[in-house]
K.L.:
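What follows is a single structure, and I will ask about it in a moment.
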Amino acid sequence: MVARAIGWLQTQLAMPRQPMLQTRAIARADLHEAMQPEHIQLERFVDAWFSADTQAALQALAARLGKR
């Protein structure tokens, strides 16, 4: 798995830097727009983040990652 990840990263590093950066910017443009303060209901987000089901899912993920 590590060798596969390293191979993928080497492929990415071999690509031209500027086109890769521009492609990432295009891909993230919608995300950037969605994260603007006028679109985020911060109180609702924080409530959801600290809800029991979200915390349970995060704890399960942390437990799975800790086993690797």
Side-chain angles (χ1 to χ4, degrees):
M1 186 183 221
V2 172
R4 185 173 157 196
I6 290 172
W8 181 83
L9 288 170
Q10 289 172 333
T11 300
Q12 298 300 307
L13 289 171
M15 293 183 179
R17 180 171 166 75
Q18 285 306 314
M20 287 295 294
L21 292 174
Q22 291 170 348
T23 300
R24 285 186 188 143
I26 292 166
R28 293 179 178 159
D30 288 341
L31 177 60
H32 179 73
E33 176 62 27
M35 298 302 287
Q36 294 303 304
E38 65 269 16
H39 299 298
I40 295 178
Q41 298 171 357
L42 187 56
E43 188 173 321
R44 192 170 125 192
F45 175 82
V46 171
D47 288 344
W49 180 260
F50 288 103
S51 70
D53 58 332
T54 300
Q55 290 301 303
L58 289 171
Q59 288 175 3
L61 175 61
R64 281 196 314 269
L65 292 174
K67 291 181 181 179
R68 293 179 185 205

K.L.:
With hydrophobic residues grouped by side-chain heavy-atom distances under 4.5 Å, do Met20 and Ile26 end up in a single group?
P.N.:
no
K.L.:
Counting only heavy atoms not in Gln12, do more than 12 fall under 6.0 Å of its CD?
P.N.:
yes
K.L.:
Say you draw a straight line from CE of Met15 to CG of Leu21; how long is it, rounded to the nearest 0.5 Å?
P.N.:
12.5 Å
K.L.:
Could you state whether Phe50 and Leu58 fall into the same hydrophobic cluster, counting links through intermediate Ile, Leu, Val, Met, Phe, Trp or Tyr residues with side-chain heavy atoms under 4.5 angstrom apart?
P.N.:
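Same cluster.
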K.L.:
Shortest non-hydrogen contact from Thr54 to Trp49?
P.N.:
CG2-O, 3.3 Å
K.L.:
More than 12 heavy atoms of other residues, nucleotides or ligands under 6.0 Å from CE of Met35: yes or no?
P.N.:
no
K.L.:
What distance do Leu9 atom CG and Arg4 atom CZ have between them, rounded to the nearest 0.5 Å?
P.N.:
12.0 Å
K.L.:
Could you give the distance from CD1 (Ile6) to CG (Leu13), rounded to the nearest 0.5 Å?
P.N.:
11.5 Å
K.L.:
What I'd like to find out is whether the side chain of Gln36 reaches to under 4.5 Å of the side chain of His32, using heavy atoms alone.
P.N.:
yes
